[in-house]
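This report concerns only the one structure given below.
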Amino acid sequence: MSTRIPFLKGHGTENDFVIVPDPENAIDLPPAAVAALCDRRAGIGGDGLLHVVRSAAHPEARHMAPEAEWFMDYRNGDGSIAEMCGNGVRVFARYLQRAGHVAEGDLAVATRGGAKAVHIAKDGDVTVGMGKALLPEGDVTVSVGERSWPARNVNMGNPHAVAFVDDLSHAGDLLSPPPFSPAAAYPDGVNVEFVVDRGHGHVALRVHERGAGETRSCGTGACAVAVAAARRDGADPTATGTPATYTVDVPGGTLVITERPDGEIEMTGPAVIVAEGEIDAEWLATATRA
């Protein structure tokens, strides 16, 4: 391994990521290495890591290579693997554009949640086709301290529990995962969104992301919230044939989510690359062993 490993830093509505370009999948990134890189005090810092690999070079993505040249090997900030990250896909696409791998317009990005359609607009915003939401049956409850709320179970390729509250402060500090029940609803943990109304078709959220704690934004969470809000408001585009669009304020900015009549969900928002540099491989090896 080279003594210097290139990296970039980017964010989508302040959901920030360490980006490690590795087209041939030659860099070993065990969970401890990812956690060290994402550490905000001793590392570069990030909510997660975007490992940029050609689909044909990664065993989990080879089957998607004919439709998506690039695979987003996404890791949470604690080093664990996640199925999808909506803000991450936008930043991933922005990196591909910056590196000259793609231009404005349409492309596909392979993820563990499937190949995602992406559009890079001239105004700089990036739209991601997030797939269809699944709405598992069964009642779910989430709690913070003495308060509890019913939550909508929404799966966007990763699991979400969406709770509508009177005030976002009721979510507490979100340092620890909010308790939920029944445990069987989310055997691998869950992303929990606390949501308030801001106006017609306009909501705001705070989120605890699995493996990361509270983040400034969560793309799949914003999609889950829009779907939950639409159903609460009596809107189901697959039944009415009319798209449902919600503006979703997150602590780091604003996303626009549209659920189409075919059930497909599109998310539009900014994606920014803020820095690039080199990781010292010796430091990384030492941090990984620590």
Side-chain angles (χ1 to χ4, degrees), residues 76 80 82-86 112-114 130-215 217-240 242 244-251 255 257-265 267:
N76 291 315
S80 60
E83 302 91 338
M84 243 296 284
C85 175
R112 290 184 177 86
M130 300 290 287
K132 298 179 180 180
L134 299 177
L135 300 171
E137 295 292 334
D139 295 330
V140 175
T141 300
V142 299
S143 303
V144 175
E146 299 300 316
R147 291 188 174 99
S148 294
W149 302 268
R152 188 74 191 238
N153 189 346
V154 183
N155 194 292
M156 287 298 308
N158 56 0
H160 295 267
V162 180
F164 291 90
V165 299
D166 294 328
D167 192 299
L168 290 179
S169 66
H170 293 170
D173 59 26
L174 292 181
L175 296 176
S176 301
F180 62 86
S181 64
Y186 304 108
D188 299 316
V190 64
N191 304 286
V192 182
E193 287 81 26
F194 296 89
V195 188
V196 296
D197 288 298
R198 293 286 191 234
H200 178 69
H202 188 180
V203 296
L205 69 80
R206 288 179 62 200
V207 57
H208 181 281
E209 287 198 63
R210 250 184 340 175
E214 182 173 14
T215 59
S217 181
C218 177
T220 56
C223 293
V225 164
V227 170
R231 299 304 181 274
R232 180 203 61 174
D233 295 341
D236 181 351
T238 63
T240 64
T242 302
T245 296
Y246 281 79
T247 297
V248 181
D249 293 338
V250 297
L255 297 167
I257 313 297
T258 297
E259 185 179 9
R260 303 189 326 219
D262 62 2
E264 293 290 329
I265 297 169
M267 174 184 63

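Taking each heavy atom of Asn76 and Gly211 in turn, the nearest pair found is CB-O, 4.2 Å. Contact detail for Val162 and Val225: the closest heavy-atom pair is CG1-CG2, 4.0 Å. When all heavy atoms of Pro178 and Ser143 are compared, the pair lying nearest together is CB-O, 3.6 Å. Residues Gly131 and Met156 approach most closely at O-CE, 4.5 Å, considering heavy atoms. For Ala185 against Val140, the heavy-atom pair with the smallest separation is CB-CG2, 4.1 Å. The two atoms that bring Pro251 and Thr215 nearest to each other are CG-O, 4.4 Å, heavy atoms only.
Rounded to the nearest 0.5 Å, atoms OG1 (Thr238) and CD (Glu259) are 6.5 Å apart. Atom CG of residue Asn158 and atom SG of residue Cys85 lie 8.5 Å apart, to the nearest 0.5 angstrom. Note: Leu255 CG to Thr247 OG1 = 9.5 Å, rounded to the nearest 0.5 Å. One finds the SG atom of Cys223 at 4.0 Å from the CD1 atom of Ile257 (value rounded to the nearest 0.5 Å). Annotation: the span from His170 atom NE2 to Arg147 atom CZ amounts to 3.5 Å, rounded to 0.5 Å. Residue His208 holds its NE2 atom at 6.5 Å from CG of Leu174, rounded to the nearest 0.5 Å.
Looking only at side-chain heavy atoms (C-beta outward), Val207 and Val192 stay at 4.5 Å or farther from each other. The closest side-chain heavy-atom distance from Asn155 to His160 is not below 4.5 Å. With contacts defined as side-chain heavy-atom distances shorter than 4.5 Å, the pair Val196/Val165 qualifies.
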Assess the residue pair His202 and Asp249 against the criterion (side chain to side chain donor-acceptor pair (under 3.5 Å)); give the C-alpha distance rounded to whole Å, side-chain angles, the decisive distance to 0.1 Å, and a yes or no.
CA-CA 8 Å; His202 188 180; Asp249 293 338; 2.7 Å; yes

Begin from the C-alpha positions of Glu264 and Lys132 and carry the test side chain to side chain contact (heavy atoms under 4.5 Å, CB included) through to its verdict.
CA-CA 5 Å; Glu264 293 290 329; Lys132 298 179 180 180; 3.5 Å; yes

Take Leu135 and Arg152 through the side chain to side chain contact (heavy atoms under 4.5 Å, CB included) test and state the conclusion after the steps.
CA-CA 8 Å; Leu135 300 171; Arg152 188 74 191 238; 3.7 Å; yes

Going through the distances and angles, do Thr220 and Met130 end up as a side chain to side chain contact (heavy atoms under 4.5 Å, CB included)?
CA-CA 8 Å; Thr220 56; Met130 300 290 287; 3.5 Å; yes

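Side chain of Asn191 to main chain of Arg210: a donor-acceptor pair is present (N/O by atom type, distance under 3.5 Å, no hydrogens or angles). Judged by distance alone, with hydrogens and angles left aside, the side-chain atoms of Ser181 form no donor-acceptor pair with the main-chain N or O of Ala183 at under 3.5 Å. With hydrogens and angles ignored, the 3.5 Å screen pairs no side-chain donor or acceptor of Asp197 with any backbone N or O of Gly199.
In this pair, Trp149 and Phe194 present their aromatic rings perpendicular. The plane angle is above 60°, beyond the 30 to 60° band.
None of Thr258, Asp233, Val227 except one satisfies the side chain to side chain contact (heavy atoms under 4.5 Å, CB included) rule with Tyr246; the exception is Asp233.
Contact check on Glu193 versus Arg206 returns no salt bridge, with no Lys/Arg side-chain nitrogen under 4.0 Å from an Asp/Glu carboxylate oxygen.
The local environment of CG in Asp173 is crowded, with over 12 non-hydrogen atoms from other residues, nucleotides or ligands closer than 6.0 Å.
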